[in-house]
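This report concerns only the one structure given below.
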Amino acid sequence: MTRQYSFPEGHWNWPIKLTHHHAVRAGDMIFTGGQVDLDTLGTVRNIGDLDAQVRNSMAYMQDLLTDLGVGFTDLVRLVVYYVGDASDEARMLNLLVDIIGNEVKPVVNLINLPELCYPDMLCEIEGVAMRAPDGSTLPRQNYHLDAQSPLPKAFSHVVKCNDMIFTGDMTARSADGSVTHPGDIVAQTRLMMERLSQALQAAGAGMQDVVKVNAFYLGDGTAEDWEVSACIRADYFPNPGPAPTGIPVPSFPHDGLTTRIAATACAPEAHHIRHAWPDGHWNWTTAMPYKHGVGSGQLIHVGGQVALDKQAKVLEPGDMVAQTRIAMENVARVLDEFGATLDDVVKVTTFYQGSASAEALHENLLIRSNSYIAPGPATTGIPVPNLVYEDMVIEIEVIAMLENDKEA
């Protein structure tokens, strides 16, 4: 499989030298790293202006897609991390429609946070696009579900493209924008998971076809917070289940909302799904159906990797450098189960405990970057106030693509 890496001349840059590139194309899949409104020296532009930062982040994304032979019309997913409230979220959605047009209809995942990685940064936007290697467009179906959370018609709740299925955010918000069961994370989690199942059914899939889930929930970094909704979510998946990442957040933009989830699935008629859990690998405090890695065809998803042991004890408590190294070693161990290495990684997303400071990001970013032989994967780094367990300070998930289909 031919891979292409994108880092256009004049594109924004980090203030430190890294192996990472801004986007990677492998087979049908194109992944961009988180795009932000920085200049070539790594300085934040348009301070205090969310609209301008969104426009410039999307302009950078367009440059990447063009460089890799695709465009906004090939987008299947946008992931938007932002600092703001419900009104900012609504305005951003309309602005994104103005930028990408009404006909694209990707899913969109929206995560609001107190801060992003550099001071005065208000948004970070990543994209997933799909187009055949020969340049032809791929068959796709877009589903806008009236019973789901409110969403402009220019976005979809579910997109099926070729053999891949992507969902937008599933929540307890109703079509009129109100929150069902306000403040009740148990009832909201059940409703959210029912809606996820319904969304997958619309695309001809089921929970058994999910390869990756990303859940955000109201919490302040304790196992007790995590277990409340995690156990309910787990009941909806078969064993073996998908690769998961679960991140606590201090608040949601809509009053009474307590959790949201998004999924990636493979069409049932596609490839056989393989699961990985290396011998002796870390475990959760509660039995879960999830696996650390899930592969389908050449695509591999590795769930959030952390510095835990088999008894869910945090290793090297509070030590960002040590935990980053352990997490990357765990990523490599999971990939090895599929015959892959870190150099097969095309996209990495990192959640780390910290605030908006270059020092907090660079402390782990350099270690992660040095784990790859250049050219390295596309990357997104997101600071959060807390992670699932106390003294856990980093969680790293990756997507990898094998050179050949090793399904057999």
Side-chain angles (χ1 to χ4, degrees), residues 1-36 38 40-42 57 60-61 63-65 67-70 79 81 117-118 124-129 212 243 245 293 295 298-306 320-321 323-336 338-352 358 360-383 394-403:
M1 179 196 306
T2 301
R3 295 192 187 189
Q4 296 173 263
Y5 295 82
S6 182
F7 200 139
E9 185 176 352
H11 210 79
W12 71 267
N13 203 352
W14 297 271
I16 53 176
K17 185 174 179 56
L18 302 172
T19 62
H20 290 298
H21 279 58
H22 284 291
V24 181
R25 180 171 187 171
D28 294 344
M29 308 293 299
I30 300 96
F31 299 94
T32 82
Q35 295 304 294
V36 294
L38 295 181
T40 56
L41 300 177
S57 298
Y60 278 134
M61 184 182 295
D63 289 344
L64 295 172
L65 296 176
D67 190 42
L68 294 176
V70 298
V79 182
Y81 301 92
C117 58
Y118 293 125
E124 182 161 355
I125 308 175
E126 61 183 48
V128 181
K212 181 68 173 71
T245 300
Q298 293 164 282
L299 187 66
I300 301 165
H301 283 87
V302 177
Q305 294 300 297
V306 295
M320 180 67 76
V321 171
Q323 287 195 24
T324 302
R325 291 197 174 106
I326 293 170
M328 290 302 298
E329 290 167 1
N330 284 334
V331 170
R333 291 181 68 212
V334 176
L335 290 172
D336 185 61
F338 297 97
T341 72
L342 287 170
D343 291 320
D344 293 305
V345 173
V346 292
K347 175 66 172 64
V348 56
T349 303
T350 302
F351 299 94
Y352 60 94
L361 172 64
H362 299 167
E363 187 177 24
N364 67 78
L365 180 57
L366 278 168
I367 296 171
R368 292 188 282 116
S369 174
N370 289 336
S371 300
Y372 307 102
I373 297 172
T379 182
T380 302
I382 302 295
I394 194 161
E395 183 162 348
I396 304 171
E397 64 175 29
V398 307
I399 301 170
M401 291 284 280
L402 292 166
E403 289 295 324

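When a residue number appears, it is its place in the shown sequence, counting from 1.
Scanning both residues, I300 and L335, for their nearest heavy atoms gives CG2-CD2, 4.1 Å. Y372 and V398 make their closest contact through OH-CG1, 4.4 Å (heavy atoms, listed as atom of the first residue, atom of the second, distance). Heavy-atom minimum distance, I394 versus A327: CG2-CB, 4.5 Å. The shortest non-hydrogen separation linking T379 to R368 is OG1-NH1, 3.5 Å. Across all non-hydrogen atoms, the minimal contact from P8 to S6 is CD-OG, 3.5 Å. Heavy atoms only, all atoms of each residue included: P15 and Y118 are closest at CD-OH, 3.3 Å.
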Assess whether side chain to side chain contact (heavy atoms under 4.5 Å, CB included) is satisfied between T245 and F351, documenting all intermediate values. CA-CA 10 Å; T245 300; F351 299 94; 4.1 Å; yes

Hey, mind stepping through Q323 and V306 against side chain to side chain contact (heavy atoms under 4.5 Å, CB included) and telling me if it holds? CA-CA 7 Å; Q323 287 195 24; V306 295; over 6 Å; no

### Message
One pair to check against side chain to side chain contact (heavy atoms under 4.5 Å, CB included): V128 and M29. What are the steps and the verdict?
### Response
CA-CA 7 Å; V128 181; M29 308 293 299; 3.9 Å; yes

- Task: Could you please spell out the steps behind the side chain to side chain contact (heavy atoms under 4.5 Å, CB included) verdict for L299 and M401?
- Result: CA-CA 5 Å; L299 187 66; M401 291 284 280; 3.2 Å; yes

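No donor-acceptor distance shorter than 3.5 angstrom exists from the side chain of T349 to the backbone of T380, with no hydrogens or angles considered. Between the side chain of H20 and the main chain of A378, no donor-acceptor pair closer than 3.5 Å is present. Here the side chain of Q298 pairs a donor or acceptor atom with the backbone of E403 at under 3.5 angstrom.
The CD1 atom of I382 sits 7.5 Å away from atom OH of Y352, with the distance rounded to the nearest 0.5 Å. Between the OG1 atom of T350 and the CD1 atom of I396 there is a distance of 4.5 Å, given to the nearest 0.5 Å. One distance of note links CG of L365 with SG of C117; it measures 9.0 Å at 0.5 Å rounding. Atoms CD and CG, from Q4 and D67 in turn, are 8.0 Å apart once rounded to the nearest 0.5 Å. Remark: I373 CD1 to T19 OG1 distance equals 9.5 Å, nearest 0.5 Å. Rounded to the nearest 0.5 Å, atoms CE (M328) and CD (Q305) are 10.5 Å apart.
A salt bridge links D344 to R3: one of the charged nitrogens lies within less than 4.0 Å of a carboxylate oxygen.
For the pair T324 and E363, the minimum side-chain heavy-atom distance is 4.5 Å or more.
For W14, there are no side-chain hydrogen bond (donor to acceptor under 3.5 Å, both in side chains) partners, not counting sequence neighbours. Considering only residues two or more places apart in sequence or on other chains, A243 meets the side-chain contact (heavy atoms from CB on, under 4.5 Å) condition with K212, V294.
When each of F31, Y60, F7, Y5 is paired with H22, the ring-ring contact (aromatic ring centres under 6.0 Å, His included) condition holds for F7 and for no other.
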